[in-house]
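Below, each value reflects all heavy atoms present in this structure, side chains not excepted, and no hydrogens, waters or symmetry copies. Residue indices begin at 1 and follow the sequence shown. Values in this document were obtained by computation on a predicted structure and should not be read as measured data.
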Amino acid sequence: RDGDRATFEAHVDREALKTQLRARVISEVASGSPNGVASIPGLGAFAAGPLVDLAVDAFLRPEVFRAVAELRGYSVDRPIPGALAIAQAVRPLGDGTACVFTKKDGPCVLVFRNDAGTWRLIGFEGDLSMLRPRR
């Protein structure tokens, strides 16, 4: 919420999130062409890694995830919501994971895993367009 990179990194499993986002980007590239099949060269370029890694690295910044946080009321000009408000936006998934949704009974957007008492972001299920920094 506040653009604090150190705190952001402490609560992000970068490798798990990168793997999940990489799969999402590749899937969206594949589904964006006729019959849901991407061109072999286009998909190959993404699967090769460097382009996907650049795209995913662009997503993995505090200022990008701020857009999702703002949908839940975490704007910089307001106090951080209390535990009750936070709990109302979290749905346990079992297996030590939970998801955050942006509206009541809405779809899961952020997936967190409890790693030895620290909740770490491991997945983003929302529309990838939400991961664009706001200007």
Side-chain angles (χ1 to χ4, degrees):
R1 171 194 102 142
D2 299 327
D4 179 347
R5 185 173 276 294
T7 300
F8 177 79
E9 292 294 337
H11 293 280
V12 172
D13 181 333
R14 186 170 275 279
E15 287 309 308
L17 187 57
K18 198 170 200 175
T19 297
Q20 189 263 346
L21 284 173
R22 183 182 295 119
R24 293 259 334 262
V25 169
I26 290 170
S27 174
E28 292 205 10
V29 167
S31 68
S33 57
N35 302 322
V37 178
S39 70
I40 298 302
L43 188 55
F46 271 90
L51 293 176
V52 171
D53 286 344
L54 286 173
V56 170
D57 284 339
F59 290 150
L60 294 180
R61 299 186 324 244
E63 55 274 11
V64 174
F65 279 85
R66 183 179 302 132
V68 176
E70 287 174 353
L71 290 172
R72 289 301 316 162
Y74 287 92
S75 63
V76 178
D77 61 339
R78 297 176 63 194
I80 293 176
L84 181 60
I86 291 171
Q88 292 174 344
V90 176
R91 184 179 303 130
L93 298 175
D95 72 353
T97 63
C99 79
V100 174
F101 48 94
T102 56
K103 60 184 177 184
K104 185 175 172 127
D105 299 324
C108 182
V109 178
L110 301 174
V111 179
F112 288 84
R113 178 181 59 227
N114 188 343
D115 286 337
T118 299
W119 287 94
R120 299 183 71 204
L121 181 64
I122 61 166
F124 178 78
E125 298 295 332
D127 187 320
L128 290 176
S129 67
M130 293 173 71
L131 294 179
R132 293 188 187 125
R134 308 226 178 209
R135 295 183 189 246

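- Residues I122 and L17 fail the side-chain proximity criterion, which asks for heavy atoms closer than 4.5 Å.
- Applying the salt bridge (Lys or Arg N to Asp or Glu O under 4.0 Å) test to residues at least two apart or on different chains, none of the pairs has a partner in residues 87-100.
- Rounded to the nearest 0.5 Å, atoms CZ (F124) and SG (C99) are 12.0 Å apart.
- Taking CG of L121 as the reference point, atom NE2 of H11 lies at 11.0 Å (rounded to 0.5 Å).
- In the hydrophobic cluster analysis, where Ile, Leu, Val, Met, Phe, Trp and Tyr join through side-chain heavy atoms closer than 4.5 angstrom, L21 is grouped together with V100.
- Residues T118 and A10 approach most closely at CG2-O, 3.9 Å, considering heavy atoms.
- Shown here are the salt bridge (Lys or Arg N to Asp or Glu O under 4.0 Å) partners of R113, two or more places apart in sequence or in another chain: D13, D115.
- In terms of heavy-atom proximity, R120 sits nearest to V12 at NH2-O, 2.7 Å.
- In this view, E9 and R5, R14 satisfy the salt bridge (Lys or Arg N to Asp or Glu O under 4.0 Å) rule, not counting sequence neighbours.
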